[in-house]
S.K.: 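This is the structure I want to talk about, given as structure tokens.
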Amino acid sequence: MYDKYIPVIRLENLFALAACLAIYQHLRYSWEAFAYAFLLPDIALFAYVAGSRVGARAYNTTHSYIGPALLVLLAPWVDGNHAFAAALIWTAHVAMDRSLGFGLKSTTSFRDTHLGMVNFNRMR
């Protein structure tokens with residue numbers, strides 16, 4: 001029923017990714033740090049070894065915008081500059097995944113997401 005909105009959701013996440021990259025560049029943060037940290041949220045994929053329920057929870061925890069938002073809110077009490085840079089990197093990762101169609105995972109299957117079924121054959 002909501003499938004017609006998925007291209008819009010993917011496009012707005014592409015714009016979020018572009019905004020994160022532009023802000024990161026504008027603030028002159030380290031691109032080397034960006035390269036090292038960009039794929040860190042994907043470590044959660046290893047939780048799928050413990051089953052799809054555990055894997056989906058771990059993936060959804062690290063691929064939600066809630067984590068980076070909390071990091072920004074905590075910035076005044078920690079090293080704010082590094083926290084904001086980390087939040088931008090994390091947000092960029094989530095936005096990239098969503099723009100590619102990798103949404104929040106269902107516990108039924110890795111391929112079953114809130115953006116529909118991931119079709120790996122179509123990505124080739």
Side-chain angles (χ1 to χ4, degrees):
M1 173 164 64
Y2 297 107
D3 288 351
K4 64 183 176 183
Y5 301 114
I6 291 173
V8 174
I9 294 169
R10 291 177 66 177
L11 183 61
E12 70 186 5
N13 278 280
L14 184 62
F15 279 104
L17 171 60
C20 287
L21 296 175
I23 294 167
Y24 197 87
Q25 174 64 34
H26 177 74
L27 296 175
R28 298 176 191 248
Y29 289 136
S30 165
W31 286 105
E32 184 178 358
F34 187 95
Y36 285 127
F38 187 68
L39 295 177
L40 281 177
D42 284 339
I43 290 174
L45 292 170
F46 290 110
Y48 273 94
V49 171
S52 63
R53 182 174 297 278
V54 174
R57 285 185 180 154
Y59 182 93
N60 292 344
T61 299
T62 60
H63 288 78
S64 166
Y65 288 117
I66 295 170
L70 289 174
L71 193 54
V72 168
L73 292 175
L74 291 174
W77 292 279
V78 296
D79 184 353
N81 203 30
H82 287 104
F84 192 69
L88 280 171
I89 295 168
W90 193 354
T91 302
H93 178 91
V94 173
M96 180 206 61
D97 274 8
R98 300 245 179 112
S99 69
L100 292 173
F102 295 106
L104 297 173
K105 306 297 183 203
S106 169
T107 57
T108 58
S109 166
F110 177 80
R111 294 180 55 221
D112 189 9
T113 77
H114 83 287
L115 296 176
M117 292 295 280
V118 176
N119 184 350
F120 293 106
N121 293 328
R122 198 173 47 182
M123 293 181 179
R124 292 183 188 172

S.K.: Answer whether the closest heavy-atom distance between the side chains of His63 and His93 falls below 4.5 Å.
M.R.: yes
S.K.: Do Tyr29 and Ile89 make a side-chain contact, defined as non-hydrogen atoms from C-beta onward lying under 4.5 Å apart?
M.R.: no
S.K.: Compare all side-chain heavy atoms of Asp97 with those of Tyr59 and state whether any distance is below 4.5 angstrom.
M.R.: yes
S.K.: Would you check if Gln25 and Trp31 make a side-chain contact, meaning some heavy-atom pair closer than 4.5 Å?
M.R.: yes
S.K.: Please find the pair of heavy atoms, one from Ser99 and one from Asn13, that lie closest to each other, and give the distance.
M.R.: N-CB, 3.8 Å
S.K.: Looking at Leu71 and Ala87, what are the two nearest heavy atoms and their distance?
M.R.: CD2-N, 3.6 Å
S.K.: Answer with yes or no whether the hydrophobic clustering places Tyr48 together with Leu39; edges join I, L, V, M, F, W, Y residues whose side-chain heavy atoms lie under 4.5 Å apart.
M.R.: yes
S.K.: From Trp90 CH2 over to Thr62 OG1, what is the distance, rounded to the nearest 0.5 angstrom?
M.R.: 7.5 Å
S.K.: Using modelled atom types only, decide if a donor and an acceptor are shared between the side chain of Asn60 and the backbone of Leu104 within a distance under 3.5 Å.
M.R.: no
S.K.: Considering non-hydrogen atoms only, spot the tightest contact between Pro41 and Ala37 and give its length.
M.R.: CD-O, 3.9 Å
S.K.: If I take atom CE from residue Met96 and atom CG from residue Leu17, how far apart are they, to the nearest 0.5 angstrom?
M.R.: 7.5 Å
S.K.: Any heavy-atom pair between the side chains of Phe84 and Ile23 that's under 4.5 Å?
M.R.: yes
S.K.: Would the number of heavy atoms belonging to other residues, nucleotides or ligands and lying under 6.0 Å from CZ of Phe46 be above 12?
M.R.: no
S.K.: When you look at Phe34 and Leu88, which way does the side chain to side chain contact (heavy atoms under 4.5 Å, CB included) test go after all the steps?
M.R.: CA-CA 9 Å; Phe34 187 95; Leu88 280 171; over 6 Å; no
S.K.: Out of curiosity, Ile9 CD1 to Leu14 CG, how far, rounded to the nearest 0.5 Å?
M.R.: 14.0 Å
S.K.: Tyr24 side chain to Ala19 main-chain N or O, any donor-acceptor pair under 3.5 Å?
M.R.: no
S.K.: So which heavy atom on Ala58 is nearest to which on Ala47, and how close?
M.R.: CB-CB, 3.5 Å
S.K.: Kindly work out whether a path of hydrophobic side-chain contacts (I/L/V/M/F/W/Y, heavy atoms less than 4.5 Å apart) joins Val72 to Val78.
M.R.: no
